[in-house]
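Okay, structure first, notes after.
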Amino acid sequence: MPMTMPMTMPIVLPIQSKEALDNNFRRQRSKSIKRVKKYEGFDTTDARYGPELQKSICDERWSPCCTLVCLYARMGLHRYNLLQGKNLQLNRVKKYNMSTHSAACNYYITLVAMDPARSKLLNVQTKVDEERFGKFILTSDIARPRGKNTEDGSLITEHYFYVKGSLPTCPPEDLFENSNRFYVVEESELQVNDWIRLYLELAVATTHRSTGRNHDLSGLKIMKVAIDTCEDVVEPPNEASLNAINAIVYIRYKDFCESRVGKDVDRIAIVKRSFNERYGCFILEGQNEVIKS
């Protein structure tokens, strides 16, 4: 005789009322919002009831971090070093969460940095916001060793909102010859102050987004650098200008990537950096211009 399978009764799930469904939605949303606030976007990707975040895990072999996010990680470390008088160096990016609600994204980056003073690796968190897509306008209000609220231990509850203004332009004078107003950086100082190269790479990468978030920046060559601290001083500017919190940096360079700039290889990047103390926000903004012969 053929075997017969025992009959099973269907499982009937209780039908929830609209009120019960609404209450459940509110509870889940409240939990999600608390989770997002707790981790500030770094260790949560719950997009069902809160900000939409896309998570990326970086692995040097299988899924290396893209060029743009590595630059943003270096910007966050630069912010920390400039304000705290440190010299942390990027070791690698571990992971990042990226907002997906608009073309201009917010990046919550967790990275590993080397502290040369202690020969120790540190986990660092930094947040970098693109204020305009395709423009070099970046803000960063978080850069800290993981586990700290802010650099000094205090919690900043207000958030900075970028107000669109005019980007810095190149003055008509030969700024690389006017040592009474500008500090002209020595070639030996370029090696020590690697943030100058970072500014140039950011200026190029943020304004040429047709290639996505991976860029070939090997064809950039710095020719001259001048710094204007925007301060009324009697004495000519000196090497202290390199560490001025508020400054405009002029970087004359050549870009040998023909697919990016065509034949206009002689260019200048103008980068304004500033810090809003009230909101704890570090700001980099600028643009590139072709040098006309």
Side-chain angles (χ1 to χ4, degrees), residues 40-42 65 67-99 104-117 121-132 135-163 168 192-206 227 229-230 240-249 251 269-286:
E40 295 179 294
F42 290 100
C65 187
T67 305
L68 193 65
V69 174
C70 285
L71 291 175
Y72 290 168
R74 288 170 57 196
M75 175 183 165
L77 281 181
H78 170 58
R79 174 196 188 278
Y80 182 79
N81 291 337
L82 186 66
L83 299 179
Q84 301 301 316
K86 303 293 184 181
N87 188 31
L88 302 185
Q89 300 295 318
L90 178 65
N91 179 274
R92 63 186 177 90
V93 174
K94 293 177 66 175
K95 61 180 180 178
Y96 64 92
N97 290 340
M98 180 184 71
S99 65
C105 300
N106 306 326
Y107 292 83
Y108 303 83
I109 305 170
T110 301
L111 59 98
V112 179
M114 169 60 72
D115 184 356
L121 292 173
L122 300 174
N123 287 316
V124 177
Q125 293 176 328
T126 187
K127 176 173 173 278
V128 175
D129 298 335
E130 298 172 336
E131 299 296 338
R132 299 287 187 277
K135 301 289 185 181
F136 182 15
I137 309 174
L138 304 172
T139 59
S140 177
D141 56 5
I142 297 176
R144 70 206 175 189
R146 187 177 181 183
K148 293 187 178 180
N149 286 335
T150 61
E151 293 90 342
D152 60 2
S154 61
L155 180 62
I156 296 175
T157 56
E158 294 183 283
H159 294 281
Y160 176 81
F161 291 96
Y162 177 81
V163 179
V192 180
N193 298 276
D194 57 355
W195 57 265
I196 297 175
R197 175 78 187 193
L198 170 64
Y199 284 13
L200 172 57
E201 292 181 351
L202 282 169
V204 173
T206 55
I227 300 175
T229 60
C230 309
S241 302
L242 291 162
N243 297 316
I245 301 298
N246 301 295
I248 299 178
V249 184
I251 308 171
I270 306 105
V271 184
K272 178 183 178 181
R273 78 175 174 213
S274 56
F275 182 70
N276 186 298
E277 293 187 9
R278 176 181 176 183
Y279 298 100
C281 190
F282 181 67
I283 308 157
L284 290 180
E285 53 188 329

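- No side-chain donor-acceptor contact under 3.5 Å links T206 and E130.
- Judged by distance alone, the side chain of N97 and the main-chain N or O of F42 form a donor-acceptor pair under 3.5 Å.
- Nearest heavy-atom pair across R79 and C281 is NH2-N, 4.5 Å.
- Here the straight-line distance linking atom CD1 of I283 with atom CZ of F275 works out to 9.0 Å at 0.5 Å rounding.
- Put simply, the side chain of V204 reaches to within 4.5 Å of the side chain of L200, judged on heavy atoms.
- The structure places CG of L202 at 7.0 Å from CE of M75, a figure rounded to the nearest 0.5 Å.
- For the atom pair NZ (K94) and CD (Q125), the distance works out to 9.5 Å, reported to the nearest 0.5 Å.
- The nearest pair of heavy atoms linking C70 to L90 is O-CD2, 4.0 Å.
- Under a cut-off of 6.0 angstrom, the local environment of NZ in K95 is crowded, with over 12 non-hydrogen atoms contributed by other residues, nucleotides or ligands.
- Note that the CD1 atom of I137 and the CG atom of L284 stand 11.5 Å from one another [nearest 0.5 Å].
- Residues I109 and Y72 are in side-chain contact: their nearest non-hydrogen atoms beyond the backbone lie under 4.5 Å apart.
- Partner of W195 under the side-chain contact (heavy atoms from CB on, under 4.5 Å) criterion, chosen from L242, V271, L82: L242.
- A donor-acceptor contact shorter than 3.5 Å is absent between the side chain of N193 and the backbone of I196.
- Side-chain contact between V112 and N123 is present, with at least one heavy-atom pair separated by less than 4.5 Å.
- Heavy-atom minimum distance, C65 versus Y96: SG-CE2, 4.2 Å.
- Separating the CD atom in Q89 from the CG atom in N91 is a distance of 10.5 Å, to the nearest 0.5 Å.
- Taking CD of E285 as the start and CZ of F136 as the end, the distance is 9.0 Å to the nearest 0.5 Å.
- A donor-acceptor pair is defined here as one N or O able to donate and one able to accept, closer than 3.5 Å; such a pair exists between the side chain of R273 and the backbone of A244.
- Side-chain N or O atoms of D129 include none that pairs as donor or acceptor with a backbone N or O of E131 at under 3.5 Å.
- Side-chain N or O atoms of N87 include none that pairs as donor or acceptor with a backbone N or O of N81 at under 3.5 Å.
- Ion pairing between R197 and E201 holds under the 4.0 Å rule for side-chain N and carboxylate O.
- Residues T126 and L77 have side chains not in contact (no heavy-atom distance under 4.5 Å, counting atoms from C-beta outward).
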Derivation and outcome, side-chain contact (heavy atoms from CB on, under 4.5 Å), residues V69 and V128: CA-CA 9 Å; V69 174; V128 175; over 6 Å; no
